[in-house]
Structure formats: C-alpha cells, structure tokens
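All heavy atoms count here, side chains included; hydrogens, waters and symmetry mates do not. Keep in mind the model is a prediction, meaning the values are calculated, not measured.
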Amino acid sequence: MESRVEVKQPTLNTSGFSDDLPETRKMNSSNGRPTNKFEDQVPFSPEIAYHQPESTMAARGSHPGESLTVRSETLGGIIYRSIRLVVFSNRLNLLMPFGPLAILVQKLTGHHGWVFGLSLLGIMPLAERLGYATEQLAFYTGDTVGGLLNATFGNATELIISLYALKSGLTRVVQLSLLGSILSNMLLVLGCAFLSGGIVFSKKEQVFNKAAATVNSGLLLMAVMGLLFPAVLHYTRTEVHFGKSELALSRFSSCVMLVAYAAYLFFQLRSQSGLYISANEEERETGDNSTDDESPEISKWESIIWLSVMTAWISILSEYLVGAIEGASNSWNIPVTFISVILLPLVGNAAEHASAIMFAMKDKLDISLGVAIGSSTQISMFVIPFCVVMGWIMGQPLDLNFQLFETAALFLTVIVVAFMLQEGTANYFKGVMLVLCYLIVAASFYVHVDSNSEDQPVP
C-alpha cells in the first residue's frame, strides 16, 4: 500500500503575511510591513553579516564625534576641509597676514614700533586658533582634562614669549608679562565669561564646581606667598647675603612650587578626580542632558597637528615681538610696564578669552573656570617657577621679587576673585565688577613708574 505525505503550503493573505504566522507578529506591523527591517530577510545571511557591521562602524566612527563623511573622504578632501574650518572660518583670521608682514618690515626697515604692532596683531588670531584646536581636542578628553589642555596650550604663547625675553636678558619683561597674564585671566577673562554667560542665561544663576574653585584659590594664595617673601626680604634689608639670599630663596621656592603643582595635577586627574566632575558631565552620565548634541569639527589627530603648527608659528613671531618691545616703548611713548602687563597678555590670552566666553555662553561654566582660573594657577605655580629654573640654567638672575607694587596688585586680585568664587554661583553683575577691577589695575600700571630692578639699598 502506497503512502503519500502531503506538504501543506502556507497561504498568503492580501497583506503579504502567511496565515500561519502568529497574530502578534501581524499586529506589531504597520501597513502590512514588518516592524524589524531584518525580519523580511533570511537569518544569518552572509550579506547581512557583512553589510550591517560596516554600516554601523561607518555611522558611528572611531569616536562618537566622527561622522560618515569623515570616514569616506580622501586625504586631499580631509586636508581641504580642515584648512577651510581652521583658517577660513573665523573673521579674526584676517589678521594672520600681519605676521609675515611684521617679518618683512623688520628685514626692510627695522622700525621697532611697526614690527611690534604688526607682530602683536599677527599673534592674536594664532592664539585664538590655538584655543580652537584645544577645544576640539577637549571633545575627546572630557571637561576636566579639556579645561587643563585649554589652559596649557593657551599659556604656550606666554611661555614662548617669556623664554625669548629671558634669552635676551629681559628678566623684568618676563616678570611683568607673566604677572599681567595672571591679572588678565583672573579679572578680564573671568569677568567677561561671567558677564556673557549671565546675559545669555539671565533667567537663572549659573553654577560651577565650588570645591575645584576653592582648591585653585588656595594654590593662587600659595603663589602669592612665594612671590611676597622675596620682595619683603629685599625691601626690609634682612638678607644674610645682600642680593644673593633673595635669588637663592626664589630658586628654592620655585622648586617647591613646581612640586606642589605636580601634586595638584595628580590630585586633580588621578587621586580625587571625582571632585572635579562638572555638572555637565554628571548630566551626561545620568542622561539628563539631552540638549547637548555638539560634536567635534575636526578629528583628534587634526587637532594635534594644528596645535603643533600654531605653536611653531607663534614661536617665530614671538622672537620679533620681544626684540621690538623697547623700541616700541620709545616710539609710542608708552611705559614698558604698561606694554608688558597689559598689551602682551591681551594677545597671549586671546585663546583663553575666546574659549572662556564661548563655554560660558553654552552654560559650561566649569570649563570657563578651568580656562581662566586654571590658567592663572598654571602660570603662577608652573610657568613662573619654570622660568626661574630656566634662568638658573641659562645664567640669568631671574627671581621671584616682583616688587611691592606688582605683588600687592596680585594679592588684592586673588582676594577679590576668591570672594567672587566662594558661593559657587555666577551672574552678570559679578562679571561687571571683575571687568571694572581690571580697568583700575590697567590704569594703575599706566601711571606706574617701574623701579630699578637692580639691587640697591632703600633710602
């Protein structure tokens, strides 16, 4: 007897589904189409196994900020796009030709007033673009490290100018320019950040990490202590060896300050990194910050390359700038003190100024504080002691005796800013007060006659 086995073929309805499919599969689809785009394909198909990971990787990139266009561009396209974004996207970059023009004027005429002015204008967009590249790099590091990087590369201009001045024997210019950078960052940069952020967010009071600000204020007071004792020792004529004990104390204090700053970096980045988590990072971790959809415009390696290029070009222009300071003072009839304390820091702090204002207007006040106060802390606890040690190596007698007038200005500035930061909040009125304080400091140095830096007994 022959047996027959019937194979029942699935019947399709008008929506394209088999009647044998579970009802839940039909109900979860709209307009007769499956909800999962891979449900109408054969499972484990080689085509899916190849194309799906590729599209996922291309969409995500190697970092959350990278897009599909970056991965598919050629090398020439990447270079063109990078130059267009970095060089031609900012109106301030129209000042870039003044840098080569300063070198040309120096070679042809040697007029120090023109060379100084053109170098000053040429360095300004470079310092701002240095801050832009650092900001792009900060997307890959987080707020705390990003603020530290911004402060570090923002201070590269001041450090380069100081080393060239130190090499030329202009120790007083080194002292005044670094002092001016601290005053500018703490009063002008922070004040403009508070003012711009307070205007944009006028309906609320901006907040920042109070604990981090307190630690920075303590470091700044320690820096004031390091600068105050050599000056007091000099003017009270209580040195064991007149003219030598002051320099020896300065070098010892500089080494101690460098150790303290290294300990601060370890404390900030490794030991107590949780103390420095900003409000924005906490919101990102908890998923509350849904409006923050920013992404980097250039890749990490592009940022590093542009940082190197900008730093090298600033280094070249700084040599011409420093060589023309005294000639510019005579040509313009402006005191060297005012040029060193006010004009040079305005150029050197262009990166910090732009970055701090931009982050404050995005309600990222912790990064603004990391740029402004962090930069002041880095100059006072690292750059100044480092220059003293480098002067020791070069045979230049650079000490921490910044004279009484300059040290008093720094001490009062630190006290005012510490009072502004003690509540952990910011508004536009605090910004107005800080900017007005900077105007008072600038006017004071304009009428101030710098005393002779040589060791002379006080009458």
Side-chain angles (χ1 to χ4, degrees), residues 86-87 90 92-134 152-181 184 306-354 379 383-384 386-387 390-391 394-396 398 445 450 453:
V86 176
V87 179
N90 192 356
L92 188 62
N93 292 345
L94 294 174
L95 299 177
M96 280 188 178
F98 286 106
L101 187 59
I103 299 176
L104 185 63
V105 170
Q106 172 65 29
K107 298 296 183 182
L108 296 180
T109 66
H111 192 283
H112 286 169
W114 282 103
V115 172
F116 180 82
L118 292 173
S119 301
L120 210 64
L121 293 175
I123 289 178
M124 189 176 298
L126 296 175
E128 192 278 330
R129 289 290 87 184
L130 196 71
Y132 168 80
T134 310
T152 301
F153 283 100
N155 291 331
T157 306
E158 289 94 335
L159 181 59
I160 293 170
I161 293 176
S162 299
L163 290 178
Y164 274 108
L166 190 61
K167 183 180 178 181
S168 303
L170 302 175
T171 56
R172 190 60 180 154
V173 172
V174 175
Q175 290 179 329
L176 294 176
S177 63
L178 293 179
L179 173 69
S181 295
S184 175
W306 278 114
L307 285 173
S308 304
V309 171
M310 297 298 175
T311 303
W313 186 225
I314 289 173
S315 176
I316 294 173
L317 287 182
S318 297
E319 185 175 3
Y320 291 90
L321 181 72
V322 170
I325 288 178
E326 293 183 351
S329 175
N330 296 327
S331 300
W332 296 353
N333 197 23
I334 297 177
V336 177
T337 305
F338 184 81
I339 292 178
S340 302
V341 177
I342 304 300
L343 294 184
L344 288 182
L346 283 179
V347 175
N349 291 337
E352 290 97 328
H353 210 144
I379 291 175
V383 178
I384 291 178
F386 179 76
C387 288
M390 290 302 297
M394 295 179 184
Q396 298 289 349
L398 178 64
F445 277 99
D450 188 29
S453 59

Output, in order, the C-alpha distance, side-chain angles, deciding distance and verdict of side chain to side chain contact (heavy atoms under 4.5 Å, CB included) for Val173 and Ile161.
CA-CA 10 Å; Val173 172; Ile161 293 176; 5.9 Å; no

Closer than 3.5 angstrom, by distance alone: can the side chain of Ser119 be matched with the main-chain N or O of Tyr320 as a donor-acceptor pair?
no

Between Phe116 and Trp332, ring centroids under 6.0 Å
yes

Taking all heavy atoms of Ser331 and all of His111, pick out the closest pair and write down the distance.
OG-CE1, 4.3 Å

Find the distance between CD1 (Ile334) and CG (Leu343) and round it off to the nearest 0.5 Å.
6.0 Å

For Val383 and Glu158, run side chain to side chain contact (heavy atoms under 4.5 Å, CB included): C-alpha distance rounded to whole Å, both residues' side-chain angles, the deciding distance at 0.1 Å, then the answer.
CA-CA 9 Å; Val383 178; Glu158 289 94 335; 5.6 Å; no

Would Met390 and Leu398 count as a side chain to side chain contact (heavy atoms under 4.5 Å, CB included) here? Give the steps.
CA-CA 9 Å; Met390 290 302 297; Leu398 178 64; over 6 Å; no

Any heavy-atom pair between the side chains of Trp313 and Ser318 that's under 4.5 Å?
no

Using 0.5 Å steps for rounding, measure from the CG atom of Leu118 to the CG atom of Leu101.
5.0 Å

Please round to the nearest 0.5 Å and tell me the distance separating atom CG of Leu317 and atom CE of Met96.
10.5 Å

Taking all non-hydrogen atoms of both residues into account, name the closest pair between Ala328 and Ile339 and its distance.
C-CD1, 4.5 Å

Do Phe386 and Leu159 have side chains that approach each other closer than 4.5 Å (heavy atoms only, starting at C-beta)?
yes

Any sub-3.5 Å donor-acceptor pair from Asn330's side-chain atoms to Glu326's backbone N or O?
yes

Report yes if some heavy atom in the side chain of Ile103 is under 4.5 Å from a heavy atom in the side chain of Ile316; otherwise report no.
yes

Does some side-chain heavy atom of Ser177 sit less than 4.5 Å from a side-chain heavy atom of Ser162?
yes

For the atom pair OG1 (Thr311) and CH2 (Trp306), what is the distance rounded to the nearest 0.5 Å?
12.5 Å

Checking Leu344 against Ile325 for the side chain to side chain contact (heavy atoms under 4.5 Å, CB included) test, could you report, in this order, the C-alpha distance in whole Å, the side-chain angles of both residues, the deciding distance, and whether it holds?
CA-CA 10 Å; Leu344 288 182; Ile325 288 178; 3.8 Å; yes

Arg129 side chain to Val87 main-chain N or O, any donor-acceptor pair under 3.5 Å?
no

When rounded to the nearest 0.5 Å, the distance separating CD1 of Ile379 from CG of Leu179 is 10.0 Å

Say whether, by atom type as modelled, one donor and one acceptor occur between the side chain of Ser340 and the main chain of Val336 under 3.5 angstrom.
yes

Using every non-hydrogen atom in the two residues, find where Leu166 and Cys387 come nearest and quote the distance to one decimal.
CD2-O, 3.5 Å

Smallest heavy-atom separation, Thr337 atom then Leu176 atom, equals CA-CD1, 3.9 Å

Search all heavy atoms of Phe98 against all heavy atoms of Gly122 and return the closest pair with its distance.
CB-N, 4.0 Å

Main-chain N/O of Gly180 paired to Ser184 side chain as donor or acceptor, under 3.5 Å:
no

From Arg172 atom CZ to Leu170 atom CG, the distance as rounded to the nearest 0.5 Å
12.5 Å

Any idea which heavy atoms bring Gln396 and Gly169 closest together, and the distance?
OE1-CA, 3.8 Å

